[in-house]
Amino acid sequence: MIDLRSDTVTKPDERMRRAMYEAEVGDDVYGEDPTVNRLEERAAELLGKEAALFVTSGTQGNQIAGLVHCRPGQEVILESQAHIFLYEGGAMSALAGLQLKPIDGVRGAMDPTLVEAAIRGTDIHEPETGLICIENTHNKAGGAVLPVEHMKAIYEVAQRHGIPVHLDGARLFNAQAATGITVAEFARYTDTVQFCLSKGLGAPVGSIIAGSAEFIAKARKWRKRLGGGLRQVGVLAAPALLALEENPSRLVVDHEHAKLLADGISDLSTLQVINQVDTNILLVKLTNSDHTTEALLNHLRESKIVAGGFGPGIIRFVTHNGITKKDIQHVLHVLGQFF
Ligand SMILES: *Cc1c(COP(=O)(O)O)cnc(C)c1O
């Protein structure tokens, strides 16, 4: 099976499983799991933040950011194709009592002038703006990297108005791999940041949320309230630590494979890559409207290849550490046989 649906499908390798077996553990709710503590310290250091917290998922990390930064009735400005807006079950309203203010972006980036114009004033009719969220790399925009200069421009707007900025950096390490700019440099223009250990980095479970020590103390309480205070969770922090130490540089290979796939598809008249492939995500459209994406997905499945539907007429391919160059060549061969 060649599974290109997502970079979340990777399974822990033998070294990770051994690290899980050998992990030194304690009760993390008491702050006594040494492996979790090492993971959090290392993550904070890499991001250039005071402190970090191991959370169950990217969604939990993003939601904790909303819960800590905002009060119910406030508004969150975010890009209209953001994961938080599209794919988190309305959690910011369901859990934090927040309303969302989506702004259309270009390749996932909101115009700082539009962001500033969307910030609410002091009129008693209006909600207050409690938070601005950025997503980098941007999933729905096909893994697009938002430039550091863009993040700085948004941060300057936010600072002028005293509003915190949260970075949904589920794939922030892909931005580092694509540009050579460190995750700390990207995170510099945000108050808090979430990244996933369980996507391209290849850990089985978990995300990190980072920010000031004061923020993390409050985040710890919210994580407990949400039922995310786990106990001997060093068994999950151990493979995550390995992923964090060893896998960031490996993402370059995923990007090469995505480019290889994009180049191959550009030679096919039946398909068109519709995103600029910055990282490990390809969005592909059928050029002939007589054929459906379902037909293509079925054709791939017959050859034991799976990809995902990603909105009307669009298929998403995501490369990751379970995919080899040979796999990509095989996928191109099978795609070439369509029609
Ligand atoms: C995957 C993803 C998340 C959520 O992570 P989960 O661990 O699946 O909850 C958040 N934001 C973006 C951009 C993502 O791609």
Side-chain angles (χ1 to χ4, degrees), residues 3-12 39 43 52-67 76 78-92 94-96 100 102 105 107-110 131-146 151 165-178 183 186-187 190 192-210 219 222-223 226-228 230 233 236-237 239-240 243-244 251 254 258 275 278-283 308 310-311 316-320:
D3 194 342
L4 293 160
R5 285 173 303 169
S6 175
D7 46 9
T8 56
V9 301
T10 57
K11 293 174 182 158
L39 171 66
L53 186 68
F54 185 42
V55 292
T56 55
S57 67
T59 300
Q60 189 180 65
N62 288 337
Q63 293 310 317
I64 287 173
L67 288 158
V76 177
L78 78 184
E79 204 273 328
S80 63
Q81 302 296 302
H83 192 281
I84 292 173
F85 187 54
L86 296 180
Y87 300 124
E88 298 191 11
M92 284 221 169
L95 304 179
L100 301 182
R107 300 190 77 235
M110 299 177 284
L131 181 63
I132 298 169
C133 293
I134 304 186
E135 185 174 314
N136 201 3
T137 65
H138 197 288
N139 175 28
K140 194 79 181 178
V145 176
L146 279 61
M151 300 195 58
V165 172
H166 172 67
L167 169 61
D168 177 359
R171 295 188 180 84
L172 189 62
F173 281 87
N174 291 87
Q176 173 177 284
V183 289
F186 283 105
T190 67
T192 55
V193 51
Q194 180 277 122
F195 74 86
C196 289
L197 292 152
S198 60
K199 290 187 173 162
L201 295 180
V205 177
S207 273
I208 289 288
I209 181 156
W222 268 114
R223 185 186 67 174
L226 294 171
L230 305 178
V233 72
L236 296 180
L244 193 57
L251 296 172
D254 295 347
N275 66 311
D278 289 348
T279 56
N280 65 330
I281 300 177
L282 259 84
L283 305 180
F310 205 57
R316 187 180 77 156
F317 295 95
V318 185
T319 57
H320 52 76

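Counting starts at 1 for both ligands and their atoms, following the listed order.
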Task: Under 3.5 Å donor-acceptor, Gln194 side chain and Leu167 backbone - done: no

Task: Nearest atoms (heavy-atom pairs only) where Leu283 meets Asn275 - done: N-OD1, 2.8 Å

TODO: Determine if the distance from atom 9 (O) of ligand 1 to the closest protein heavy atom is below 4.0 Å.
DONE: yes

Task: Check: Glu135 side chain, Asn139 main-chain N or O, donor-acceptor pair, under 3.5 Å - done: yes

Task: Side chain Arg223, main chain Leu230, donor-acceptor under 3.5 Å - done: no

Open item on the list: Check for me whether Ser198 has a heavy atom closer than 4.0 Å to any atom of ligand 1.
Closed with: no

Task: Part of Asn62 with heavy atoms under 4.0 Å of ligand 1, whether side chain, backbone, both or neither - done: side chain

Open item on the list: Considering both backbone and side-chain atoms of Gln194, is one of its nitrogen or oxygen atoms within less than 3.5 Å of a nitrogen or oxygen in ligand 1?
Closed with: no

Open item on the list: Is it the case that the side chain of Gln81 and the backbone of Lys140 share a donor-acceptor pair, with hydrogens and angles ignored and the cut-off at 3.5 Å?
Closed with: no

Open item on the list: How long is the straight-line distance from CZ of Phe195 back to CG of Asp168, given to the nearest 0.5 Å?
Closed with: 12.5 Å

Open item on the list: Among Arg171, His320, Lys199, which residue satisfies the side chain to side chain donor-acceptor pair (under 3.5 Å) criterion with Asp7?
Closed with: Arg171

Task: Subset of ligand 1 atoms that lie under 4.0 Å from at least one heavy atom of Glu135 - done: 13 (C)

Task: Closest protein heavy atom to atom 15 (O) of ligand 1, given as residue, atom name and distance to 0.1 Å - done: Lys199 NZ, 2.7 Å

Open item on the list: Strictly distance-based, threshold 3.5 Å: is any side-chain N or O of Arg316 a donor or acceptor partner for the main-chain N or O of Arg5?
Closed with: yes

Task: Nitrogen or oxygen atoms of Thr59 and ligand 1 under 3.5 Å apart - done: yes

Open item on the list: I need the contact type for Cys196 against ligand 1. Using non-hydrogen atoms and a strict under-4.0 Å cut-off, is it side chain, backbone, both or neither?
Closed with: side chain

Task: Proximity of Ala170 to ligand 1 by residue part, where a heavy atom lies under 4.0 Å - done: side chain

TODO: Please could you name the atoms of ligand 1 that Ser57 approaches to less than 4.0 Å, counting only its heavy atoms?
DONE: 7 (O), 9 (O)

Open item on the list: For the backbone of Gly143 and the side chain of Thr279, can you confirm whether one donor and one acceptor N or O come within less than 3.5 Å of each other?
Closed with: yes

TODO: Find all atoms of ligand 1 within a distance of less than 4.0 Å from any non-hydrogen atom belonging to Arg171, and give their numbers and elements.
DONE: 15 (O)

Open item on the list: Quick test: of every protein heavy atom, which one is nearest to atom 11 (N) of ligand 1, and how far off is it to 0.1 Å?
Closed with: Asp168 OD2, 2.6 Å

Task: ligand 1 versus His138: contacting region, heavy-atom distance under 4.0 Å - done: neither

TODO: Determine the sole option in Arg107, Glu79, His83 for which the side chain to side chain donor-acceptor pair (under 3.5 Å) test with His138 is passed.
DONE: Glu79

Open item on the list: Among all protein heavy atoms in this structure, tell me which lies nearest to atom 6 (P) of ligand 1, with the distance rounded to 0.1 Å.
Closed with: Gly58 N, 3.5 Å

Open item on the list: Tell me the contacting part of Glu88 for ligand 1: side chain, backbone, both, or neither, using a 4.0 Å heavy-atom threshold, strictly below.
Closed with: side chain

- [ ] Identify, for atom 4 (C) of ligand 1, the protein heavy atom at the shortest distance, and state residue, atom and that distance.
- [x] His83 CE1, 3.4 Å

